[in-house]
Amino acid sequence: MRRILLSLLLLAHLGELGAEDRLLNPSKLEMFVDELPDMPKIQGFRMLNTSPKPKSLMIGMFKKKWKFHRDLPPTPVFAYGASSRRATVPGPTIEALQGIDTYVTWKNFLPSKHILPWDPTIPTAIPATKTGIPTVVHLHGGMHEPANDGNANSWFTAGFKEKGPDWSKRTYHYNNNQQPGSLWYHDHAMGLTRVNLLAGLIGAYVIRHPEVEGPLELPHGVEFDRPLIVFDRSFRKDGSIYMNSTGNNPSIHPQWQPEYFGDIIIVNGKAWPKMTVRRRKYRLRIINASNARFFRFFFTNGLEFIHVASDSTYLGEPVVTNETLLAPSEIADVVVDFSKSETDEAVLANDAPYPYPSGDPVNGSNGKIMKFTIKKKREFDTWRVPDKLIQYPSPDLSSATQRRYIAMYEYTSDIGEPTHLYINGKPYEEPATETPEAGTSEIWNVINLTEDNHPMHIHLALFTVLDQTELVRAEEFKACMSKMNDAIKCQISKHARGKKLSVAAHEKGWKNVYKMTPGYVTRILVRFSYIHSNTSYSFDPTGMPGYVYHCHILDHEDNAMMRPLVVMK
Ligand SMILES: *[C@@H]1O[C@H](CO)[C@@H](O)[C@H](O)[C@H]1NC(C)=O
Ligand SMILES: *[C@@H]1O[C@H](CO)[C@@H](O)[C@H](O)[C@H]1NC(C)=O
Ligand SMILES: *[C@@H]1O[C@H](CO)[C@@H](O)[C@H](O)[C@H]1NC(C)=O
Ligand SMILES: *[C@@H]1O[C@H](CO)[C@@H](O)[C@H](O)[C@H]1NC(C)=O
Ligand SMILES: *[C@@H]1O[C@H](CO)[C@@H](O)[C@H](O)[C@H]1NC(C)=O
Ligand SMILES: CC(=O)N[C@H]1CO[C@H](CO)[C@@H](O)[C@@H]1O
Ligand SMILES: [Cu+2]
């Protein structure tokens with residue numbers, strides 16, 4: 001990937017000068033001038049005589065203009081919202097209560113012409129009638145019936161005029177029976193996920209459980225508990241989002257590129273925003289909504305992150321770190337204690353190379369995220385971080401009923417450029433091979449045979465990372481795998497003998513995404529049941545079209561690092 005990126009940069013200087021001329025130089029935008037917005041909040045429940053009851057919401061997808069920076073002209077975007085006027089990028093934060101149903105009718109009001117270049121030569125939702133852009137919403141981290149999961153083939157166009165082959169309903173039912181945590185919703189349409197997210201179709205979703213979380217006394221309420229949705233974008237001088245419209249193998253895929261990187265970092269819809277904070281603790285739920293950029297966050301003044309939860313569940317105990325590496329779609333749920341700051345300013349910065357881990361170092365614009373200005377006055381802090389958070393059962397290896405091998409492949413063209421990526425050498429359309437039984441646990445050995453780190457995300461299930469072992473004589477193993485695509489016949493046990501990588505303490509809990517290190521076998525225990533209770537799912541997970549698992553680098557997912565996951569009785 002490194003070579004590819006360098007050659008891209010070289011080409012960028014030689015060719016496409018016209019396009020470059022119109023690109024916005026990020027240094028033209030002054031950092032830390034816009035206030036960090038708080039996205040509108042929508043309650044996913046209603047109160048009736050002090051008891052919470054289910055609620056039905058309508059959330060639309062609209063084309064509108066959005067101001068990403070004081071000095072940038074308004075940008076055409078696709079935005080979620082209760083109405084076109086109220087739609088935002090990211091969309092409204094939905095606040096649900098554990099055990100109370102939220103119903104959402106996701107309505108598509110988008111025109112038929114996309115604002116970004118998409119590629120019809122990869123497996124893509126293409127409406128025959130050109131009635132609009134296909135979209136479908138997935139609630140990332142949610143546990144609910146397959147028909148509500150936003151399957152890539154359950155897409156629909158404006159007015160539900162045209163629908164994908166797996167479409168079955170207009171209103172999605174989120175029963176919120178799972179453990180409390182930070183989730184997010186985003187588009188998942190076949191072959192369009194990367195462009196629909198780039199256009200703005202993302203938002204946060206929080207499930208709260210007051211009886212369980214209240215006693216922890218973590219920072220709480222609109223002022224102190226804030227989602228930060230972070231992504232990277234490039235712009236043209238006219239304010240429009242820039243995405244290269246020439247593929248890296250133009251004769252095969254005229255548009256598709258293996259990874260999108262932008263040079264401007266956006267938090268809650270503003271480029272490098274600023275926020276004034278009180279000298280006390282805040283909870284920040286940092287969601288990485290980039291297509292391909294990894295972030296390694298740190299504070300320039302040495303403030304620490306106190307991790308209280310992973311992307312899916314609370315940790316048993318808080319974990320303190322100086323930096324935190326987030327893959328696309330990972331969530332860092334941290335408390336930051338600004339009273340510990342020796343300065344009145346703290347810049348949240350990023351030093352992850354891109355692509356991660358072997359790509360170019362960050363420099364200049366993409367190394368800064370946002371600035372906190374800390375008020376001088378010391379305050380009595382009513383919030384705390386207790387020594388014990390919420391204990392969930394540890395993975396029980398003896399309960400695993402299946403062992404699977406999941407190999408990640410990248411294919412290249414004659415000119416050595418990636419053309420597509422597959423899991424287990426199979427396109428998405430091939431029948432499901434991962435068919436776990438509801439209520440069981442399985443061990444998956446994820447074998448990364450590419451040079452990139454792929455954040456793997458499994459719908460419905462939660463997993464814990466057991467270990468990561470380097471492959472020895474990797475080239476020999478890879479050669480065998482490219483011929484036979486069979487980890488056992490290629491003697492995985494003889495190759496998975498190298499260095500061990502340890503799993504960071506704050507990533508040892510239950511998760512729904514994890515970074516699969518290149519050249520390593522990552523062993524995960526995947527659980528197909530709730531973890532906060534011993535009851536089985538409160539819904540039937542066995543229907544069609546089932547679920548999916550995929551790489552969360554969206555450009556990979558679209559082409560086509562995604563496979564079906566069908567749960568059996
Ligand atoms: C867009 O991508 C193509 C193919 O990889 C490359 O040749 C071109 O230089 C890129 N353009 C810019 C402006 O980066
Ligand atoms: C965000 O996620 C993308 C891919 O999903 C990843 O490449 C990027 O590094 C992540 N960034 C942060 C800040 O975590
Ligand atoms: C953070 O960095 C400081 C200074 O390098 C060090 O003293 C401290 O132990 C680090 N904390 C953690 C949790 O790594
Ligand atoms: C950052 O690095 C890229 C690629 O190495 C280079 O093209 C660019 O000029 C650098 N920008 C700055 C501000 O140093
Ligand atoms: C579930 O059952 C196991 C074994 O009986 C027990 O150890 C565990 O604490 C139970 N978990 C919950 C959340 O009740
Ligand atoms: C087994 C295998 O294919 N490993 C590859 C993993 O990624 C590294 C680069 O990080 C390659 O050099 C290996 O060939
Ligand atoms: Cu990937």
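Just so you know, ligand 1 is whichever comes first in the structure, and atom 1 is the first atom listed for that ligand.
- Within the structure, the closest approach of Pro250 to ligand 1 does not fall below 4.0 Å when heavy atoms are considered.
- Using a distance-only test at 3.5 Å, with no hydrogens or angles considered, no donor-acceptor pair links the side chain of Asn153 to the main chain of Asp166.
- Ligand 1 is approached by Gln257 to a heavy-atom distance shorter than 4.0 Å.
- Side chains of His454 and His550: a donor-acceptor N/O pair is absent below 3.5 angstrom, by distance only.
- In this structure, of Ser234, Gly247, Pro258, the residue bringing a heavy atom nearest to atom 4 (C) of ligand 1 is Gly247.
- Ring pair Phe305/Phe297: centre-to-centre distance not below 6.0 Å.
- A cation-pi arrangement is present between Arg233 and Phe231, with the terminal nitrogen or guanidinium carbon under 6.0 Å from the aromatic centre and inside a 45° cone about the axis.
- The option from Asn248, Asn244, Thr246 that lies nearest to atom 8 (C) of ligand 1, judged by heavy atoms, is Asn244.
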